[in-house]
Student: 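I am attaching a structure below and will ask some questions about it afterwards.
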Amino acid sequence: MPILMNEFDGLPFTEAVAARTADVFDRVKDVILEVEWPLVAPEIDAIRRLKRERNAIVLAHNYQTPDIFHGVADIVGDSLALARRAAETEADVIVQAGVHFMAETAKLVNPDKTVLLPDLQAGCSLAASITGADVRLLREAYPGVPIVTYVNTSAEVKAEADICCTSGNAVRIVESLDAPRVIVLPDEYLANYIAGQTDVEIIGWHGRCEVHERFAGEEIDAFREGYDGLTVIAHPECPPDVLDAADFVGSTAQMIDYVASKRPGRVLLMTECSMSDNVAVEVPDTEFVRPCNLCPHMKRITLPKIRRALESLSPEVMVDDAIASKARESVERMLAVA
Ligand code: 13P
Ligand code: SF4
């Protein structure tokens, strides 16, 4: 997928820049067009320098474009890995190449560090689907039933929950509560997937990921007809007919591990589009069949915005003190379980 170039400031592409970024070009040359490189390389070079000057790290979600993922990220992964690694860093500044709830999570586990989100409008349809007041009403409606909230929620919502989960640990988190019924918020499809994996009764909510809800089971049938020997891997935020038709279901990190270990000849990842580019760099012998559903929020993060965030140390993500300690407890309880 070509990079969106209208953001770029045209920093000079010199021989020195080319030499300092040659290692990245070597990795990404199959997924970044050569014509794009003179714009991309100076940004990567400047960000690498700024990271050293600021004692900063870049956390990048698996849905970031390959220029960010392979070019400037210090830590990459799914939401669980990013939350874990954010809690371990000794850097002074964390740049979240991801969306707002991820930056809030990084801030919750690093209250004294500067956490930057290069575009504050990088939101998430799941996080937008529920408020703290909704969670309080659910608690009243279901007294004594524990509440698990997906990390794809605001800190305000996490503060009202008992514990967080990610797509990588959701079943383990639900079962760790030792309760016959558990409320799982806000992703309807993730809750449905968990319900199919456990004897615990799951009460859900009506949130959906605007990227994954667009996939359909019949698309998989059509792809299987067109491509012999296709392995289909789906994210649990997809609708149930997609999960039923897939060969494997898992978080983005679990999907990557599956491809890296099984090395299928042909694979279709039913998830955000950039992930195929990022994984293709690691497994050159696998052919990726690519329906391209982009997350408009993830795509708000670009190299120039990361550079400007490091130059200005803004925009910074803060979490209100009144909710931070309760929200942190929900995240830390999750990290202690799985
Ligand atoms: P994971 O990377 O945790 O699987 O989450 C996917 C996602 O949609 C994050 O926004
Ligand atoms: Fe939210 Fe879906 Fe985008 Fe992830 S891919 S940030 S769940 S809208």
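Here, residue 1 is the first one in the sequence, and each next residue gets the next number. Atoms within each ligand, like the ligands themselves, are counted from 1 in listed order. Values reported hereafter were calculated over all heavy atoms of this structure, with side chains retained and with hydrogens, waters and symmetry mates removed.
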Student: To the nearest 0.1 Å, how far is atom 1 (Fe) of ligand 2 from its closest protein heavy atom, and which atom is that?
Tutor: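 Protein heavy atom at minimum distance: Cys124 SG, 2.4 Å.
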Student: If you measure from CZ on Phe215 to OG1 on Thr271, what distance do you get to the nearest 0.5 Å?
Tutor: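 Here the interatomic distance stands at 6.5 Å.
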Student: Taking atom NZ of Lys107 and atom NZ of Lys113, what is their separation to the nearest 0.5 Å?
Tutor: 10.0 Å
Student: Quick one: nearest non-hydrogen protein atom to atom 3 (O) of ligand 1, plus distance?
Tutor: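 Looking at atom 3 (O) of ligand 1, the protein heavy atom closest to it is Ser79 OG, 2.8 Å.
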Student: Any chance you could measure Leu138, atom CG, to Ile203, atom CD1, to the nearest 0.5 Å?
Tutor: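 With rounding to 0.5 Å, CG (Leu138) is 8.5 Å from CD1 (Ile203).
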Student: With a cut-off of 4.0 Å, which atoms of ligand 2 are near a heavy atom of Asn152?
Tutor: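 Close to Asn152: 7 (S).
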Student: Go through the side-chain N and O atoms of Ser79 and Tyr150 and say whether any donor and acceptor fall under 3.5 Å apart.
Tutor: no
Student: Tell me whether ligand 1 is touched by Cys209 - counting only heavy atoms on the residue side and a distance under 4.0 Å.
Tutor: no
Student: Classify the ring geometry of Tyr63 against His61: parallel below 30°, tilted from 30° to 60°, perpendicular beyond 60°.
Tutor: perpendicular
Student: Look at the SG atom of Cys209 and the SG atom of Cys124, then say if they are under 2.5 Å from each other.
Tutor: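 No; the two sulfurs sit 2.5 Å or more apart.
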Student: Would you say Asn62 has any N or O atom under 3.5 Å from an N or O of ligand 1, going by distance alone?
Tutor: no
Student: Is any N or O atom of Glu237, backbone or side chain, closer than 3.5 Å to an N or O atom of ligand 1?
Tutor: yes
Student: Will you find, in the side chains of His297 and Glu210, an N or O donor that is under 3.5 Å from an N or O acceptor?
Tutor: yes
Student: Please check whether Asp78 reaches ligand 1 - meaning an N/O of the residue sits under 3.5 Å from an N/O of the ligand, judged on distance alone.
Tutor: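 Not met; the criterion fails.
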Student: Do Ser274 and Asp277 have a side chain donor and acceptor closer than 3.5 Å?
Tutor: no
Student: Quick one: does Met102 get within less than 4.0 Å of ligand 1, heavy atoms only?
Tutor: yes
Student: May I ask whether Met255 places a heavy atom under 4.0 Å from ligand 1?
Tutor: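 So Met255 does not count as touching ligand 1.
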Student: Please list, in number order, the atoms of ligand 2 under 4.0 Å from a heavy atom of Leu126.
Tutor: 7 (S)
Student: Under the criterion side-chain contact (heavy atoms from CB on, under 4.5 Å), which of Arg214, Glu213, Glu237 is the partner of Arg208?
Tutor: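 Exactly one candidate clears the test, Glu213.
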Student: With heavy-atom distances below 4.0 Å as the criterion, list the atoms of ligand 1 near Ser167.
Tutor: 1 (P), 3 (O), 4 (O)
Student: Any idea which atoms of ligand 1 are less than 4.0 Å away from a heavy-atom of Ser251?
Tutor: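 Every atom of ligand 1 under 4.0 Å from some heavy atom of Ser251: 4 (O).
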Student: What are the atoms of ligand 2, with element, lying closer than 4.0 Å to any heavy atom of Val211?
Tutor: 5 (S)
Student: Consider every N or O of His235 and every N or O of ligand 1, then say whether any pair is closer than 3.5 Å.
Tutor: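 N/O-N/O distance under 3.5 Å: yes.
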Student: How about Lys51 and Ile57: do any of their side-chain heavy atoms sit closer than 4.5 Å?
Tutor: no
Student: Check Glu272 against ligand 2 and report side chain, backbone, both or neither, counting heavy atoms closer than 4.0 Å.
Tutor: neither
Student: Quick check: does Cys295 put an N/O/S atom under 2.8 Å from atom 3 (Fe) of ligand 2?
Tutor: yes
Student: So, taking the atom named SG in Cys164 and the one named CD1 in Ile173, what distance separates them when rounded to the nearest 0.5 Å?
Tutor: 8.5 Å
Student: Just to verify, which of Ile323, Val331, Val135 counts as forming a side-chain contact (heavy atoms from CB on, under 4.5 Å) with Lys158?
Tutor: Val331
Student: When only distance counts, is His212 in polar contact with ligand 1, meaning an N/O pair under 3.5 Å?
Tutor: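 Between His212 and ligand 1, no N or O pair is found under 3.5 Å apart.
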Student: Suppose we measure from atom 2 (Fe) of ligand 2 to each protein heavy atom; which comes out shortest, and what is that distance?
Tutor: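 Ranking protein heavy atoms by distance from atom 2 (Fe) of ligand 2, first comes Cys209 SG, 2.3 Å.
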Student: If the contact criterion is a heavy-atom separation under 4.0 Å, does Asn152 count as touching ligand 1?
Tutor: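 Per 4.0 Å heavy-atom rule, Asn152 contacts ligand 1.
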Student: Which of the numbered atoms in ligand 2 are below 4.0 angstrom from a heavy atom of Ser125?
Tutor: 8 (S)
